[in-house]
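The structure under discussion appears below in the form of structure tokens.
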Amino acid sequence: MRIRTVALLFTLFGMLAALSLIYAQNAPEASEKGKQVYENSCAHCHGIEGRGDGSAAENLLPKPRDFTRGLYKIRSTETGQLPTDQDLFDIITEGMPGSSMPPWETALSANDRWEVVAYIKTFYDGFKEAETPPKQINLSGKVSYSEQSVETGKALYIELGCVECHGDVGRGDGTSAPDLTDEWGFQSWPANLTQSWNFRGGSDTEDIFKRFIGGLAGSAMPAFEGDSFPGFGLTAEESSRMIELDNKDEMTEAEEDESAQLYEKYDAAVDIALNLAEGTELSADEQKIYDDAMRVVYEKSWHLANYVKSLSPEKRPESAIGNNVLRSQYVGGELPPMDDAAWEILEASYFPLVGQVVIEPRQFNPTIDAVNVKSFYNDTEVAFLFTWDDRTHTTDETDEETGKTLEDALAVQFPVKVPQGPTAPKPYFLWGGRLPVYLWHWKASAPEQVTELTAKGINNAEVQEAQGALKSQGTYTDGQYKLWVKRALKTDDKKDLQLESGVFVPIAFSAWDGANGDVDTKRVMTSWYTFVLEPVPSSKRFIYPPLIALLSVGFLFGLRAFVLRRNSEETNN
Amino acid sequence: MKSYLLASLTVLLACCFVGTTFAADSGSGEKEMLVFPEAYKPMKVNNGGTISGVVKFEGDVPEKKALEITKDKQVCGADEKFDESLVVGEGNALKNTIVYLIDISAGKELDKKAKTEIDQKGCKFTPHVQIVPVGARLTMLNSDKIMHNVHIFGNNPVNKPQPKTRRKMALKAVKEAEGPVSVKCDIHGWMSAWIAYVPHPYFAVTNEKGEFTLEDVPAGEYKLGYWHEACGTNSKTPVTVTVEAGGTVTQDFTLKLK
């Protein structure tokens with residue numbers, strides 16, 4: 001009897017435990033262990049109480065998440081819903097590209113990560129109070145990638161107003177971009193959609209779809225829920241007809257009736273969506289109208305996701321390291337001007353930029369991803385084409401704190417003297433030191449001018465006396481700078497670097513985004529990379545090898561003739 | 001390995017750059033909010049009293065700040081627009097002040113069918129301060145033929161595009177009293193308004209003459225509170241008023257910048 005009771009109790013406990021697991025979805029109950037892991041690994045940024053106010057938070061942008069509001073950007077759930085445990089676990093595991101949140105996949109065991117998920121949830125009561133699991137976004141109707149889908153998506157990108165923030169071609173340079181703030185009032189830049197490797201929540205089409213439908217809670221990115229679509233409840237044809245009629249300056253009576261009818265249908269569907277959101281039960285007819293409307297919305301959203309996917313290369317370009325050096329290609333005759341089609345045939349070398357964090361003031365929150373470089377040279381000159389994305393065109397803004405002028409700029413750095421051999425020391429990468437560097441400094445306020453500098457340190461640069469060796473042209477279009485620079489290979493100035501074909505030359509870059517507060521040492525930069533004027537394929541290779549071959553054949557024939565003659569002479573003898 | 005390094009690096013950075021304690025202007029906590037009664041019981045009010053008065057501004061009136069219209073100038077920039085965080089009229093009348101009863105526990109029924117609207121016209125929210133009864137739908141009007149993005153902060157956040165085709169967009173009714181919370185349009189960053197979701201009907205917003213009126217107040221003693229965007233609240237030091245059946249009490253306020 002006793003044993004039975006014990007067994008029964010155990011079973012009950014077991015069931016309770018199982019139930020609690022179901023309710024907790026995946027994460028265990030919050031434990032001392034979770035608290036410990038959190039305080040060791042997360043609290044520095046997110047704060048002991050989860051308010052996003054850890055000791056390092058001051059220097060970070062985007063700011064670390066405040067967990068007490070229950071607002072999470074990266075969710076698989078619909079707008080207004082909490083994230084799933086799996087969502088939280090995935091973010092901890094994979095980190096958030098382009099922000100300061102690193103991936104914890106190897107630094108914390110899976111078990112520890114689950115413990116942290118459970119602990120983070122204790123900062124917001126809404127998790128405990130939720131009676132039903134959060135509603136996930138339905139991914140079942142995926143439209144596969146095709147050129148046609150991308151085209152449809154492109155039209156929606158304009159129709160839905162994505163351009164306002166993300167810009168005409170998606171570089172995050174929309175007219176509203178500079179004014180965006182997050183829930184806490186901090187600057188919040190819209191994503192550059194051409195750099196999917198910086199997407200916070202991943203770059204798969206599904207990820208893009210989820211961000212679009214669910215929004216990024218706490219940021220300026222809204223949720224494009226069903227009824228946010230113009231013409232919700234109408235078929236695709238009907239909604240384009242509705243917009244077409246809207247855009248007419250004058251409508252005939254028949255057209256006015258038609259428009260009114262379409263609007264009536266639209267309003268009815270919107271009402272149904274609102275009732276549903278408030279928890280009203282729908283009739284079968286209403287449910288059908290709603291389901292049909294959502295089918296159209298979801299299909300459109302997949303097209304949009306496919307379009308956004310199409311804006312970035314398959315993966316982040318390889319950075320120009322190792323053998324992947326910047327090679328200037330030889331051309332006979334004139335070097336191509338800035339907009340010449342000749343540049344298209346070259347593949348750009350990609351130089352990722354990182355914030356300068358060695359010397360105060362530092363840049364912890366870079367906004368420029370990389371600079372892309374192409375180069376051509378001929379017998380006397382070299383030309384470069386630099387491109388880099390910057391969401392704003394800043395030429396003359398004043399920094400409120402320091403009173404300094406903020407503007408966009410780029411600097412290209414070379415040693416004054418090329419180190420002899422691969423082990424010879426290079427100047428210090430932060431604009432030199434004992435060994436000086438030679439710099440080209442371009443500013444957005446004077447796009448036709450590049451200043452030559454000599455520097456012996458990041459705060460120790462001098463404008464060279466002799467200027468004018470460089471010709472340049474700079475433009476800013478659709479969130480991208482393009483800078484074309486030309487110089488003679490050899491100059492008379494001893495402070496200039498002299499260039500020679502086939503010699504490997506260290507090269508480095510600095511860039512400033514004025515709108516991000518970049519000025520002086522606060523900037524993004526690279527360390528040393530390598531640049532070479534790719535030696536001209538020698539014309540001698542078309543002469544000597546055939547000549548040698550010809551001579552060899554001639555010699556062999558000669559030998560044969562000689563041997564034959566001798567043989568015949570011997571026979572004759 | 002690479003992610004381990006990254007993780008360690010972040011923690012290292014965190015340790016290296018311990019700055020001054022960072023105090024973000026977080027959505028809750030520090031902000032000055034309205035005070036709501038713990039419970040409110042609707043009842044029929046016979047022969048209630050009236051509380052009315054005028055709110056005035058004291059101090060040097062700052063010069064009107066023109067808003068910088070950075071885009072959609074044809075629609076948004078037709079007339080000059082000014083920052084509405086402090087609107088002082090003739091005789092120092094202070095517009096957009098919420099005046100309300102802090103501690104009322106029973107009174108007339110809250111009108112959940114009330115038509116509460118905020119219009120987006122010429123890229124400006126009108127009114128600048130709107131009272132929304134809990135359980136009522138707030139309707140956002142779009143009188144501009146361009147897209148707006150309705151972004152409401154607080155515990156019931158809304159971040160929802162309103163395409164030009166949506167002339168009226170009713171929002172889901174909020175179930176809990178809260179506020180005032182900020183309303184923004186992310187597309188037109190200068191647009192700003194405030195919403196208070198209230199649990200009882202004794203709330204008023206001052207007009208351009210600084211006037212307010214609370215009607216049908218059951219006889220009794222009440223704490224009278226105010227809230228103003230730039231001048232703050234008197235939540236900690238409310239004024240006590242005594243309302244007599246059928247009578248009228250006058251209570252004026254003079255507010256300074258906080």
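So that the names make sense, note that chain A is the first sequence line, chain B the second, and so on, each numbered from 1.
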Self-check item: Partner set under ring-ring contact (aromatic ring centres under 6.0 Å, His included) for A:Y263, not counting sequence neighbours
Solution: A:Y266
Would you say [atom1] of [X] has more than 12 non-hydrogen atoms from neighbouring residues, nucleotides or ligands within 6.0 angstrom?
X      : atom1 : answer
A:E264 : CD    : no
B:K258 : NZ    : yes
A:K73  : NZ    : yes
A:E39  : CD    : yes
B:K108 : NZ    : yes
A:E244 : CD    : yes

Self-check item: Counterpart residues, side-chain contact (heavy atoms from CB on, under 4.5 Å), relative to A:S240 (two or more places apart)
Solution: none
Self-check item: Worked verdict on A:D246 versus B:R167 for salt bridge (charged side-chain N to carboxylate O under 4.0 Å, His left out)
Solution: CA-CA 12 Å; A:D246 264 1; B:R167 284 141 202 183; 3.4 Å; yes
Under 4.5 Å heavy-atom distance to chain A, tell me which part of [X] shows up: side chain, backbone, both or neither.
X      : result
B:P161 : both
B:L171 : backbone
B:K184 : neither

Practice problem: Kindly determine whether B:R166 and A:D227 satisfy side chain to side chain contact (heavy atoms under 4.5 Å, CB included), including the steps that lead there. | Solution: CA-CA 9 Å; B:R166 282 293 285 283; A:D227 62 322; 3.6 Å; yes
Quiz item: Would you find a donor on one side and an acceptor on the other, under 3.5 Å apart, between the side chain of A:R69 and the backbone of B:G154?
Solution: yes
Looking only at non-hydrogen atoms, find the nearest pair between [X] and [Y] and report the distance.
X      : Y      : result
B:K160 : A:S228 : CG-OG, 3.7 Å
B:N159 : A:S219 : ND2-O, 3.2 Å
A:L160 : B:M147 : O-CE, 3.1 Å
B:I187 : A:E164 : CG2-OE1, 3.8 Å

Self-check item: Winner by heavy-atom pair count (cut-off under 4.5 Å) against chain B, out of A:N275, A:T175, A:I243, A:D179
Solution: A:T175
Exercise. Report the option among B:S182, B:A170, B:G189, B:P157 that has the most heavy-atom pairs separated by less than 4.5 Å from atoms of chain A.
Key: B:A170
Quiz item: Do any pairs count as a side chain to side chain donor-acceptor pair (under 3.5 Å) and have a residue in residues 185-195 of chain B, sequence neighbours left out, and if so which ones?
Solution: B:D72-B:H188, B:H148-B:H188, B:N149-B:D186, B:H151-B:D186, B:W194-B:E229
Heavy-atom contact with chain B under 4.5 Å, split by part of [X]:
X      : result
A:N247 : side chain
A:M221 : backbone
A:E94  : neither
A:L180 : side chain

Quiz prompt | Those residues of residues 74-85 of chain B, ordered by number, that approach chain A below 4.5 Å (heavy atom to heavy atom) | solution = none
